[in-house]
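These notes are about the structure you will find just below.
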Amino acid sequence: MPKGMTELRHKYLRHHKKFPHVWCSGCGNGIVLGALIRAIERLKLKKDDIVLASGIGCSGRMPTYVDFNTVHTTHGRALTFATGIKLAKPSLNVIAVMGDGDATAIGGNHFIHAARRNLDLTAIIINNQIYGMTGGQASPTTPYGANSTTSSFSNIEHAFSIAELAVAAGASFVARGTVYHAAQLDKLIEKGIRKNGFSVVEIMSNCHVQFGRRNNMGDPVTMLNWFKEHAISKVNGSSIPPDSLDDNFTIGILADVDKPDYIAEYQKIRQMAKGK
Amino acid sequence: MVPELNGKKLLLQGNEAMVEGAIAAGCRFYAGYPITPASEISERMSYRLPQVDGTFIQMEDEISSLGAVIGASLAGVKSMTATSGPGFSLMQENLGYACMTEVPCVIVNVMRGGPSTGLPTSPAQGDVMQARWGTHGDHPIIVLSVASVSECFSIIVTAFNLSEKYRVPVIVLSDEVVAHSRETFTIPPADSIEVVDRIAPNVPPEWYKPYEDNSRGVPTMSSMGDGYRHHVTGLVHDADGFPTDKPEDIEAFTKRQFKKITNGFFEIQITKKFNLEDAEIVVIAYGSVARSARHAVAMARAQGIKAGLIQLVTIFPFPKNTVVNVMRQCKAVLVPEMNMGQISREVKRVNPGTTEVFKYNRIDGQLITPQEIFEEIQKI
Amino acid sequence: MDVDRFEIRLSGSGGQGIILASIILAEATGIFEGYHVSQTQSYGPEARGGKCKAEVVISSKQIDYPKAVQLDMMLSMNQASCDAYCFDFKPNGLLLVDSSLVEQVSTSRVVGLPFTEIAREVAGKDLVANIVALGVLGYLCPVLSIKSLEAALAARVPKGTKKMNSKALQAGIRAAEKFDMDSLPRSIIPDEEEEI
């Protein structure tokens, strides 16, 4: 690790331009951003070669703060823009950062098709189980029985299992981590970026302001402790998705398979088209 | 080997000619979703783009299609998509993004009957106002229309050129008749086609302001990966590209959007004029209806009626000056359209008060015939 | 030959190859004969069945209105399409019908030949009835040489089917040769017929 953590972050942040940021103090997004920066530093990627795309929501603001080629797109559509960017310039490392509502509600269709298509993109999905920016409405990953501003009595829907969904849809690399397990997170993101093919890193993150406060976890420490106590490492066999405030869930690498990515396949199409 | 198409006489559909026009204009990325009557554009793109080292991708819907198109354009590749009404409705969200972020791209809407699923295999012109005002918020936009196979080629080239020059999405309205008609067409030699590219920044990266105003109101545009790292956002942004809520920044931003288009009226507003010199009754038409109108004007002339035609190639920004000048000299104007009257409203809006404006509308999925327009001219 | 809007309409049901026949006709006249042509079509959502119509306008000058205004020739491959689209004839307009599928016609200048039966005889398949019809149409069409039609056909049909299609075309031409055109009235307007 080069010198201090602060210095490392300053190498990548647009610190003189866009701070203070919009996130609440104690927000898990900062931990995710830190992990992303450390992963990129380890991979020794050039800033010019990195694209960070996002959708809408608190996670959507992340690209604003880092000195890459950054695109803050429309709600749920980060992967669609990322697809165009990657196909137009395959030399770029394209990372899409999304929230749970962003990636699996309004952008759910794009998400599963990106996984199926297996274009070499890295999808980082920050799952805080709530719509934070708009004021704590239930999202597709709000656990059964949890409270939100649109499930005032109790959430009667079940949570999407984002990582498991990605595995089923055909992603080459799928992992789940939490913001409590930050050291592991660095490695999961690093592996995701390194993987040639569609990679998904789902990150359980705390929104103590909009989610925790309504579910007896009104401060970041309580929420991080919840992650600490309920996350269990994947050993083998099946994984347990997070859909309950009481039960455990699995973290670690859920899938890592090798298959030709879209760009390699498309090169073959170009050869065929030219009659070679 | 890829066969050489330039200079060869071909029987092409309007949709197919659009693909050839796009490739001639430098388009190397296409993303789309199947929809009648635009699918032939996707089909030919999937065949032709890999031949020229371009990329075709079939996306999961029209929202993602335009998202991918904007992404590819941000990475420096000229891009387009094509759809019909239902898909065009889905595209309005990202169309607004392209306006807000000033990303050049071309969107073809092969119009069919609507609203909703409407009449998938029949022509209509009901999306004219949607093309102008479909996405939310105040925004200028360029909308062109095509009436023949040869225009499908040439106007797509124009669309790309204007899009690149003004950093604005350009919508090309076709319709089922033009899209599916086959006509003989010879693709001109590549060196005879004028191709305009966006202007890249020529300052050091640390000086680059991605949305800085200049005399044309069109900022230079870098491609991702070229060293000019910056932020692109659908939020209203300042000259540096970062979100802003300062009233003075917001106003300057929006006014520049309009200024850049207004500055270009002289070359953006394209019309074709037929028999206008002594015309007393002038037909104003666009798309396939303009073809009927040309025939009707010839019929009227044969009967000694002094009729003329303005074919609107550019629909928006509405070519007010041309229309007003003609209206000052003629006695009556007839606007035939395959809708309940969309451009006739524009014509009435710009009427200097000297001319009577008549409209003729057909909304039954059938192309307006020359005979019908001729009879309307006779009535006037 | 100077041509001012020679107009042909082809009709039938979806799957009979009406649109393909119209494309071959347009390529024969447009590319091989060098005229301006415009080929249009209207069809429903069905890939098979339903009514289907295609039109080809041939002219020495640029074509403004791309669809047919007054027909010089019309082909009808079934009764439903004949009923639906048989109108707008020029006085000397000619209707070609598949006599095995069309029983009632609304005009007097009619060439009825059993395209589908001929197709079955020469190629063993109904599939090429459209090409048989194209052979008849091409033979009777004054703005088109058989040579151009043959060239256009060869350029358009799939490789493995060239021989079968060529046979069908020739069978159509032979059938048309045998047809006694003098047996038809010269105009569909009775008065004109008398004047001549």
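As a basis for the values below, the full set of heavy atoms in this structure was taken, side chains included, without hydrogen atoms, waters or symmetry mates. Quick note on labels: first sequence line is chain A, next is B, and so on, each numbered from 1. Model, not experiment: these values are computed from the prediction.
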Interface moiety of C:Ile19 toward chain B, non-hydrogen atoms closer than 4.5 Å
side chain

From OG (C:Ser38) to CG (B:Leu11), nearest 0.5 Å
9.0 Å

Does B:Arg294 reach the main-chain N or O of C:Ile63 with its side chain, forming a donor-acceptor pair under 3.5 Å?
no

Measure B:Ile368 against the heavy atoms of chain C and call it side chain, backbone, both or neither at under 4.5 Å.
backbone

Are more than 12 heavy atoms from other residues, nucleotides or ligands located less than 6.0 Å from atom CD1 of B:Ile363?
no

C:Tyr35 and B:Thr184, any side-chain heavy atoms less than 4.5 Å apart:
no

Hey, is NZ on C:Lys90 packed in by over 12 heavy atoms from elsewhere, all under 6.0 Å?
yes

Checking B:Gln371 against chain C: side chain, backbone, both or neither under 4.5 Å from a heavy atom?
neither

Rounded to the nearest 0.5 Å, what separation is found between the OG atom of C:Ser42 and the NE2 atom of B:His180?
12.0 Å

Could you give the distance from CZ (B:Arg182) to CD (C:Glu27), rounded to the nearest 0.5 Å?
8.5 Å

Using non-hydrogen atoms only, which part of B:Thr369 is less than 4.5 Å away from chain C: side chain, backbone, both, or neither?
both

Heavy-atom distance under 4.5 Å to chain C: side chain of B:Leu119, backbone, both or neither?
neither

If you round to the nearest 0.5 Å, how far is CD of B:Glu183 from NE2 of C:His36?
10.0 Å

Any idea which heavy atoms bring B:Lys9 and C:Ile31 closest together, and the distance?
O-CD1, 3.7 Å

With a cut-off of 6.0 Å (strictly less than), are more than 12 heavy atoms of other residues, nucleotides or ligands near OH of B:Tyr33?
no

Can you check whether B:Val177 reaches C:Lys67 side chain to side chain, under 4.5 Å on heavy atoms?
yes

